[in-house]
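Sequence lines set the chain letters: A, B, ... in the order given, protein chains first and strands last, and positions in each chain run from 1. Values in this document were obtained by computation on a predicted structure and should not be read as measured data.
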Amino acid sequence: MTEQLFADVILPLPLGDMFTYRIPADFQANIKVGVRVIVQFGARKFFSALVYKLHNNMPVGSFDIKDIDAILDPEPIITPAQIILWEWMVDYYCCTMGEVYKAALPSALKLESQTKVSFNPNFNMPVDMPGEEEALLLMLQGHGQANIQSINKFLGKKSALSTLKILLEKNAVLIEEKLADSYSAKVQPFIFLHPKLANDNAIREALESLKKAKKQQQLLEFFLAETLYHEEKRPNIAKKELLEQSGISDTVLRTLLEKEFLHLQEIEVGRLDFSSDGEQKIFDLNEAQNKAFSEIKQYQPTGKPVLLHGVTASGKTEVYIKLIEEQLALGKQVLYLVPEIGLTTQLINRLKRAFGDKAGIYHSRFNDSERVEIWLNTLHEREKSFEIIIGARSAALLPFRNLGLIIVDEEHENSYKQFDPSPRYNARDVAVVLAQIHRAQVILGTATPSFESYFNVKTNKYALVEMKERFQNISLPEMVIADVREATKRKQMKSLLTPDLYDSIETALKNEEQVILFQNRRGFAPYLQCGTCGWIPKCKNCDVSLTYHKHLSALVCHYCGHTQSLPDGCGECHSEDIKTRGFGTEKIEEELSLIFPEARIARMDMDSTRAKKAYERLIYQFESKQIDILVGTQMVTKGLDFDHVSVVGILNADQLLNYPDFRSFERSYQLIAQVSGRAGRKNKQGKVIIQTTQPKHPVLLEVAEHNFIQLFNRQMSERQLFKYPPYFRLVKVVLKHKNRDRLNLAANQMAAKLRKLFGFNILGPEYPLVGRIQSWYQKEIWVKLERDQKLMSSKKKILEEIKSIKTQPNNAGLVAYADVDPM
DNA sequence: AGCACGCCGACT
DNA sequence: GTCGGCGTGCTC
C-alpha cells in the first residue's frame, strides 16, 4: 500500500470545503477513515475533526499545510454506511458535512476549544495518576470550571484535547453539556413504608403515636390503604400521587419522613408502568394483523419501502413487535423512529416491556453520557448492547452496524423535519435512504398517510399494506358535522358549544364516559382588540398579535415568548373598551367549568405540560378516570390510547381549513382523523362532532365519510395544477435581516436572480405568516423544481446564489439559507 | 462559525 | 494623538 500522507477532514463547522492536513510519519500506521483527529484550525483554534479521506495528493494553493496533532480513536467511530448517508444529506439538503457531523455526534465526542471542562466530584484520585493529569485535575478542582484555552495555557501545550480525552475516559472530568443536564430527568420521588415498620405491631404503634397529629395519622392511613392494604398490593406510591389524592400537604409528609415512618426514594420512571392494561406480553396476532405481517414480509426481498396504512387502533404496534422479534432472532439491529419522545410514553413503555434492556432510547435532550453510551453501543457489538433503538429524528444518524429494519411510526408527523439549525433534514426520508444503504426493510406506519408517501405508493415507489379494521371490534366513530353559523342564528349556542356537542357531552358525563375537546390554539384568546378603534396589542419583537393568557393575566408572544402585562386601555385611543377575540384552550376550559360545574376538567397544551412529568401525570389522571373532560391542542391527537372516551369535539374546524398553506387541507384531515381516533370504546361506537361554519366543505365531508382516497385525489389534481409537492420539489430560500430595507433589497435581488434561472417557478419574495420574529425581519422565496435529473444541479445553483448574495458588500448581517422540502 | 485584520469616529 | 466600533475575508 502506498503511503498516505494527507487526510481530508470534516470539521464541525458550516464550511463547504474540505480541509487537508498532513499525517506525520509516526501516525501513518494508525490513521483510518472515520477516526477523530485533533487539528489546529486558524491561529489558535483546535477541533476534533473526522477523517473523511486518506490520499497522497498534495493540495494546491498558497497555504501551509498543518500537521494532524493527535489521533483520538484506535478504531473509527462512524461507519462507512454513515459516510454514504452523510454525502447524500449534503447534496439533498444543501448543507455541509460539518453540519451533519455536528448534528450526528453527541457533544462529548466532539471536543472543541470552546468546551467547558470541570472536575467530576465523584472521581477519586488514584495515587498513580500521571503528574500532568493530576496537576490539571487539582487546578480544575480549585477553579470549578475552565475552558480549553486556559487549560492549554495551564499545561503549556498547544492543545490539551488529548489529555482531556484520557481524563474523560477515566471519568475524572465533566464537560459542559454533562453539567447542564447531569441529573437525568428519569427519576421521580416515591414513598415507601419505612423498614422500621416491618410488622403490623410496629405499624399499630406508629398510628397510635400519631393520635394527636391528626393530619399525619390520616396521611399514614391513606398511604397504607393505597399500598399494603390495597387489593392490588404495591410497595410504594408516587409522592405526587400520594399528596394529590390524599389532599394532605407536603409538610405533613415531611414530618412522617423525619419520624422514619415513611421513606422516600427516587425511582426511575422509565421502568414504570402507567398503563392500565397490565402486563401485555407478546401475544398472537389476530387475523388482520397476521395478514398485514405476512404482506409486509412479502415485500422484504423487493427492497421497497412499505407504507402501512392502518386505521387508528388497528393494532399496528403488535405487528411491529412481531417484525422486530424476527429481526432480533436474525441478529440484526432495529431502528424505531417516533415523532416526539416526550409524547410517546405509552408506546415506549410497551416496547420496553416487550424487549426489556435490548431497547435503548435516544433523544437529543438526553444527557450526554447516555448519548455517547448509546452511540458506542450501536457501533460495537458488545455482550450487552441495544439491538433496538427507539428515538426521535436524530436517532436516524446513529452508527448502525447491522440494520435489518426501520419503523417510522406516525410517518405523517411534521416534527420529523428539522427546521433549525441546518441540516434541515426529514428523518422519515433519511430513514428510507438509510434502509437502502443497509438493505434493510423500512416501514412507514400511520393512520393518516402523508400525501407524499401515498403518492409514492401510487407511483409504485412504495408498497402499500392496509389494516382497515379496528382492534377488538371497536367500530369507527360516528362523525357529525355541526353548523356553528346556523346554531348562532337560532341562538342555540351554549357558549362555544353547538347543541350537538353540548348534548353529547352531557350524555357522556351522565354515562360516566370521557370527552376530549380539541382546539389548536393555546391561551385564553388569540388576541385582544379595542372595541372603539380596532387597535390590537402586538409583540415588540415579532409581527404577531399577543395571545391573552388569563391565568397569567398577561399577554404572551407565541413566537419569542415575550410577556407583558395587560394594557389598562387602548394603546391608540385610550378607550377602556378592550375585548377578547377568538378562543384558545384556556378559555374553553373556563367556559366548560361554567356549563358543566360538576365535571372534572383538565387542559393539555404546551402551557399545562411545561413542568417535568406534567404530561405523564395528565395522561395517568385521564386514564384512571380522574378527569372527565380533557381540553387540548394537537397534543391530544398524538398516539394515546384511552378506553373510556366516547365523545371527541373539534371546536373550530374553520381555523384549520383556513390556514394559508398549500398543505392546510392535508393537515386538517390528519388532525381531525387523529383526534377522532381517540373516540370509541369496546363494543360501543364513539362520536365525533366537528364544529364549523362551512358544513358543506368538501374536506369535512370526506373526513366524515372516512373517505381518504377521494380527498387525496382531489388534492392531487390541485397540487399538480399549481406545481406543488409531491409533483414538484420545493426549496424555500429564507432571508433574514434586522434591517427591513436591507432585507427587502437583498430579497428582491435574490428573487430576480432566481427568476433568471428558473423562470416562473418562483414565488415571492414574501413575508411569511409572521414577518418578523425576535427582531429579525424575514422573507421567503419559494422555488418549485421539477423532479428530474436536473434537481441536484438546480439545488447547487440555488446554493451558489445564496453564497453570492451573502458575500456582497452591504449584506453583512444577512442570514440566508435554503430549506429543502420545507414543512 | 469564530476571529484577526483593517479602516473611520469620540475620547483622555 | 489613541481606543474601539463592526464590516470583510480566511481558515488546510
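The CG atom of A:Leu13 sits 11 Å away from the P atom of B:dC3 (whole-angstrom rounding). In this structure, A:Phe46 atom CZ and C:dC12 atom P are separated by 11 Å, rounded to whole Å. A:Ile10 has its CD1 atom 17 Å from the C1' atom of C:dT11, to the nearest Å. A:Asp64 has its CG atom 12 Å from the C1' atom of C:dT11, to the nearest Å. Following rounding to the nearest Å, A:Phe19 (CZ) and C:dC10 (C1') show an atom-to-atom distance of 8 Å. The separation between A:Lys45 atom NZ and C:dT11 atom P is 13 Å, rounded to whole Å. Distance NZ (A:Lys102) to C1' (B:dG2): 10 Å, rounded to an integer number of Å. Following rounding to the nearest Å, A:Gln40 (CD) and C:dC10 (C1') show an atom-to-atom distance of 14 Å.
Evaluation of A:Phe63 against the base of C:dC12 yields a stacking contact (centre distance < 5.5 Å, interplanar angle < 30°).
With sequence neighbours excluded, the residues forming a side chain to side chain donor-acceptor pair (under 3.5 Å) with A:Tyr92 are A:Arg729, A:Asp821, listed by chain and number.
Applying the side chain to side chain donor-acceptor pair (under 3.5 Å) test to every pair with at least one member in residues 7-18 of chain A, sequence neighbours left out, gives these pairs: A:Asp8-A:Thr20, A:Asp8-A:His55. Residue pairs meeting the salt bridge (Lys or Arg N to Asp or Glu O under 4.0 Å) criterion with at least one member in residues 413-433 of chain A, sequence neighbours excluded: A:Glu411-A:Arg428, A:Glu413-A:Lys638, A:Lys417-A:Asp819, A:Asp420-A:Arg424. Identified under the ring-ring contact (aromatic ring centres under 6.0 Å, His included) test for residues 769-798 of chain A, with sequence neighbours left out: none. Within the structure, salt bridge (Lys or Arg N to Asp or Glu O under 4.0 Å) pairs that include any residue of residues 799-808 of chain A comprise A:Lys753-A:Glu801 (at least two apart or interchain).
Using a 4.0 Å cut-off between charged side-chain N and carboxylate O, A:Glu766 and A:Lys779 make no salt bridge.
Within the nucleic acid shown, A:Leu15 comes within 4.0 Å of at least one base atom, counting heavy atoms only. Across all strands, A:Asp17 comes closer than 4.0 Å to no nucleic acid atom at all (heavy-atom distances).
Taking the centre of each ring, A:Trp375 and A:Tyr362 stay at or above the 6.0 Å mark.
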Give every pair of a protein N or O atom and an N or O atom of nucleotides 6-8 of chain C that lie under 3.5 Å apart, one pair per line with the distance.
none

